[in-house]
Trainee: 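Let me give you the structure first, and then I'll get to my questions.
Computed from a prediction, not measured in an experiment: that's the story for all the values here.
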Amino acid sequence: MTQSFQALVVDQTQDGEVQAEVRSLETGSLPAGEVLIRVAYSSINYKDGLAARKDGNIVKAYPFVPGIDCSGTVVSSEDNRFREGQAVLVTGYGFGVSQFGGFSEYARVPADWVVPLPDGLTPREAMIYGTAGFTAALSLHRLEQNGVTPDQGKVLVTGATGGVGGAAIALLGKRGYHIVASSGKAEAHDYLKALGAAEVISRDEVYDGAESIRPLGKQLWQAAIDPVGGKPLASLLSQVAYNGSVAVSGLTAGTKLPTTVLPFILRGVSLLGIDSVFCPYETRVAIWKRLGSDWKPERLEQLVEREIRLADLPNALEDILAARSQGRTLVRVAD
């Protein structure tokens with residue numbers, strides 16, 4: 001049976017411009033997949049903002065429904081791992097990139113992309129984390145796999161008011177780390193300290209904008225979670241202590257990394273690449289379970305800046321690209 005529903009559709013006009021608007025679609029227009037989900041919540045991530053831009057290099061074919069994560073309930077499933085009415089979530093893979101995503105009242109996806117909603121999380125809480133929170137959790141997981149512990153020194157979080165940065169602070173705080181948050185927003189200090197940061201510094205204290213970056217500087221951090229990349233990451237690497245680790249997951253400051261091998265061969269620094277898109281399913285499920293249990297911050301709600309509806313998405317997507325957001329923007333899809 002075909003069902004009509006609302007979705008945010010990104011489309012290309014005849015003159016080559018890209019526009020985003022809410023349209024009516026039918027479930028028959030959804031891509032192939034074994035699981036049909038009635039979406040309850042999604043969230044806004046940096047990649048979603050790029051998907052709504054002409055030069056975002058995310059969307060390959062129009063019209064398209066963005067949204068790289070969602071939570072909701074199973075409407076129907078051709079896979080016996082999932083049943084009608086089961087609460088689930090989806091992040092990563094091609095969701096919202098090569099296949100219609102979560103800014104939609106219905107989503108159809110391959111069963112291998114679907115994660116059962118873990119005990120301890122509501123659909124709304126799952127999207128307070130969303131892809132950004134899962135990326136932060138995967139960063140923490142990799143750091144601890146590499147030997148990082150709370151008693152070894154300070155952990156720096158860059159891009160601290162963004163989705164990954166804020167979630168990283170909350171998760172690190174739950175684990176008992178001494179967190180230093182780096183942000184370009186002076187007005188965000190109270191917010192970052194409420195999340196769990198012991199110290200807040202300006203981003204200029206990590207990278208002062210100089211063209212020439214010293215290959216080795218003062219050893220300040222035992223570890224860092226960096227969703228920024230670019231020159232700030234190169235500068236950060238020069239400040240990591242002996243045998244320290246940096247988990248990098250983003251590129252808001254660019255893709256080029258103008259550094260040298262010296263931090264790696266003279267200080268034994270580890271640069272850990274974080275890919276939340278194709279993270280193995282078993283690891284994905286295990287981390288989501290921890291996000292609903294021992295890693296869950298007591299004040300998870302503090303990560304939320306606002307909750308919006310589908311109609312509010314075009315302006316909100318512009319906000320995240322312009323760095324006008326502080327914390328998470330939830331998208332309430334279903335009533």
Trainee: Side chains of S24 and Q6, heavy atoms from C-beta outward: is any pair under 4.5 Å?
Mentor: yes
Trainee: Is it the case that the side chain of T27 and the backbone of Q3 share a donor-acceptor pair, with hydrogens and angles ignored and the cut-off at 3.5 Å?
Mentor: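 Yes, T27 side chain to Q3 backbone: donor-acceptor pair under 3.5 Å.
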Trainee: Output the distance between atom CG (L271) and atom CZ (F264), rounded to the nearest 0.5 Å.
Mentor: 5.0 Å
Trainee: Is there a side-chain contact (heavy atoms from CB on, under 4.5 Å) between Q222 and V155? Walk through the geometry before answering.
Mentor: CA-CA 6 Å; Q222 67 143 325; V155 177; 3.8 Å; yes
Trainee: For the residue pair T149 / D151, report whether a side-chain donor-acceptor contact shorter than 3.5 Å exists.
Mentor: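 Short answer, yes.
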Trainee: Measure the CD1-CD1 distance between I169 and I179 for me, rounded to the nearest 0.5 Å.
Mentor: 6.5 Å
Trainee: Examine L236 and V164 and state if one hydrophobic cluster contains both, with Ile, Leu, Val, Met, Phe, Trp and Tyr joined whenever side-chain heavy atoms are less than 4.5 Å apart.
Mentor: no
Trainee: Treating S270 as the side-chain partner and L272 as the backbone partner, does any N or O pair qualify as donor plus acceptor under 3.5 Å?
Mentor: no
Trainee: Compute whether any side-chain donor of one residue and acceptor of the other, for R328 and S43, lie under 3.5 angstrom apart.
Mentor: yes
Trainee: Give the minimum heavy-atom separation between K193 and V200, together with the two atoms involved.
Mentor: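 For K193 versus V200, the nearest heavy atoms are CG-CG2, 3.9 Å.
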Trainee: Would the distance check show the side chain of K231 and the main-chain N or O of A210 forming a donor-acceptor pair, the cut-off being under 3.5 Å?
Mentor: no
Trainee: Before accepting this row, confirm whether a basic side-chain N of the pair K174/E298 lies closer than 4.0 Å to the acidic partner's carboxylate O.
Mentor: yes
Trainee: Would you compute the distance between atom CG of L251 and atom NZ of K256 and round it to the nearest 0.5 angstrom?
Mentor: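 It comes to 13.5 Å.
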Trainee: Under a 4.0 Å N-O cut-off, is there an ion pair linking R81 with D112?
Mentor: yes
Trainee: Any heavy-atom pair between the side chains of S276 and T131 that's under 4.5 Å?
Mentor: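 Counting from C-beta outward, T131 and S276 do come under 4.5 Å.
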Trainee: With rounding to the nearest 0.5 Å, note down the distance linking OG1 in T91 to CD1 in I68.
Mentor: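 Separation between the atoms: 8.0 Å.
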Trainee: State plainly whether one hydrophobic cluster holds both L50 and V97, where clusters connect Ile, Leu, Val, Met, Phe, Trp and Tyr through side-chain heavy atoms under 4.5 angstrom apart.
Mentor: yes
Trainee: Among pairs that include at least one residue of residues 124-139, which meet salt bridge (Lys or Arg N to Asp or Glu O under 4.0 Å), considering only residues two or more places apart or in two chains?
Mentor: R124-E301, R124-E307, E125-K296
Trainee: So, for Y129 and F134, is the gap between ring centers shorter than 6.0 Å?
Mentor: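 Distance test on ring centres: not under 6.0 Å, no.
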Trainee: What's the shortest heavy-atom distance between S238 and P215, and which atoms?
Mentor: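 Nearest pair, atom of S238 first, then P215: CB-O, 3.3 Å.
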Trainee: Applying side-chain contact (heavy atoms from CB on, under 4.5 Å), run through F64 and V9 and close with a yes or a no.
Mentor: CA-CA 5 Å; F64 189 75; V9 178; over 6 Å; no
Trainee: Transitively linked via ILVMFWY side-chain contacts under 4.5 Å: F278 with L89?
Mentor: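 F278 clusters together with L89.
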Trainee: Are there over 12 heavy-atom neighbours, none belonging to D119, within less than 6.0 Å of that residue's CG?
Mentor: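 It does not: D119 CG has 12 such atoms or fewer within range.
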Trainee: Answer yes or no: is there a side-chain heavy-atom contact under 4.5 Å between T73 and Q86?
Mentor: no
Trainee: Under 3.5 Å, is there a donor-acceptor pair between the side chain of Q99 and the main chain of A32?
Mentor: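 Flag set: sc Q99 to bb A32 pair under 3.5 Å.
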Trainee: Other residues, nucleotides and ligands only: do more than 12 of their heavy atoms fall within 6.0 Å of CD on E187?
Mentor: yes
Trainee: State, with a plain yes or no, whether a side-chain heavy atom of Y177 is found less than 4.5 Å away from one of L171.
Mentor: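 They are not in side-chain contact.
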Trainee: Is the number of heavy atoms from other residues, nucleotides or ligands within 6.0 Å of CZ (R214) greater than 12?
Mentor: no
Trainee: Do V248 and Y207 sit in one hydrophobic cluster, given that two such residues count as connected whenever their side-chain heavy atoms are within less than 4.5 Å of each other, even indirectly?
Mentor: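 No, separate clusters.
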Trainee: Got a second to check how far L233's CG is from T255's OG1, nearest 0.5 Å?
Mentor: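 Spacing of CG (L233) from OG1 (T255) equals 11.5 Å.
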Trainee: Going by atom types alone, do D15 and T13 pair a side-chain donor with an acceptor below 3.5 Å?
Mentor: yes
Trainee: Between R38 and Y106, is NZ or CZ placed under 6.0 angstrom from the six-membered ring centre and within 45° of the ring axis?
Mentor: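 Judged by the rule (NZ or CZ under 6.0 Å from the ring centre, within 45° of its axis), R38 counts as positioned above Y106.
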Trainee: Would a 4.5 Å heavy-atom cut-off, applied to side chains only, mark V240 and P263 as touching?
Mentor: no
Trainee: Compare all side-chain heavy atoms of W295 with those of H141 and state whether any distance is below 4.5 angstrom.
Mentor: yes
Trainee: Decide yes or no on salt bridge (Lys or Arg N to Asp or Glu O under 4.0 Å) for R53 and D48, but give the supporting numbers first.
Mentor: CA-CA 9 Å; R53 282 181 52 164; D48 300 320; over 6 Å; no
Trainee: For D69, does its backbone N or O pair with a side-chain atom of S42 as donor and acceptor, under 3.5 Å?
Mentor: yes
Trainee: Decide whether V90 and L330 are clustered together by the hydrophobic rule: side chain heavy atoms of Ile, Leu, Val, Met, Phe, Trp, Tyr closer than 4.5 Å, transitively.
Mentor: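 Linked, V90 and L330 end up in one cluster.
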Trainee: Answer with yes or no whether the side chains of R142 and S245 bring together a donor and an acceptor at under 3.5 Å.
Mentor: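 Absent: no donor and acceptor within the cut-off.
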Trainee: State the NE2-CG distance between H178 and L156, to the nearest 0.5 angstrom.
Mentor: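 Output value for this atom pair is 10.5 Å.
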Trainee: Whether the side chain of E84 engages the backbone of S77 through a donor-acceptor N/O pair (distance < 3.5 Å, no angle test) should be reported.
Mentor: no
Trainee: Which atom pair, heavy atoms only, marks the closest approach of A136 to I225?
Mentor: O-CD1, 4.4 Å
Trainee: Between Y41 and V333, is the side-chain contact (heavy atoms from CB on, under 4.5 Å) condition met? List the steps.
Mentor: CA-CA 5 Å; Y41 285 92; V333 179; 5.8 Å; no
Trainee: Please say whether more than 12 non-hydrogen atoms of neighbouring residues, nucleotides or ligands are located less than 6.0 Å from NZ in K289.
Mentor: no
Trainee: Before you tell me yes or no, could you show the steps for V18 and V10 under side-chain contact (heavy atoms from CB on, under 4.5 Å), namely the whole-Å CA-CA distance, both residues' side-chain angles and the distance that decides it to 0.1 Å?
Mentor: CA-CA 7 Å; V18 170; V10 175; 3.3 Å; yes
Trainee: Side chains of L117 and V88, heavy atoms from C-beta outward: is any pair under 4.5 Å?
Mentor: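 Side-chain contact under 4.5 Å: no.
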Trainee: Using modelled atom types only, decide if a donor and an acceptor are shared between the side chain of R284 and the backbone of C279 within a distance under 3.5 Å.
Mentor: yes
Trainee: Quick one: are V65 and L25 in side-chain contact, heavy atoms under 4.5 Å?
Mentor: yes
Trainee: Test salt bridge (Lys or Arg N to Asp or Glu O under 4.0 Å) on R108 and E34 and set out the steps.
Mentor: CA-CA 7 Å; R108 184 182 286 124; E34 296 82 31; over 6 Å; no
Trainee: Considering non-hydrogen atoms only, spot the tightest contact between L317 and A52 and give its length.
Mentor: CD1-CB, 3.9 Å
Trainee: Please report the shortest heavy-atom distance between Y191 and L303, naming the atom on each side.
Mentor: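 Result for this residue pair: OH-O, 4.0 Å.
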Trainee: Heavy atoms only: give me the nearest S249-T135 pair and the separation to one decimal.
Mentor: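 The answer is CB-CG2, 3.5 Å.
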Trainee: Quick one: does any side-chain atom of D312 pair with a main-chain N or O of R309 as donor and acceptor, under 3.5 Å?
Mentor: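 Yes, D312 side chain to R309 backbone: donor-acceptor pair under 3.5 Å.
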Trainee: Could you check whether any side-chain N or O of E205 sits under 3.5 Å from a backbone N or O of S202, counting only pairs where one atom can act as donor and the other as acceptor?
Mentor: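 Side chain of E205 to backbone of S202, a donor-acceptor pair under 3.5 Å: yes, one is there.
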Trainee: Has the side chain of R267 got a donor or acceptor atom that lies under 3.5 Å from a matching backbone atom of N243?
Mentor: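 No, the answer is negative, given that no donor and acceptor are paired below the 3.5 Å cut-off.
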Trainee: Would you say S325 and D319 are linked by a side-chain donor-acceptor pair, where the criterion is simply a distance under 3.5 Å?
Mentor: no
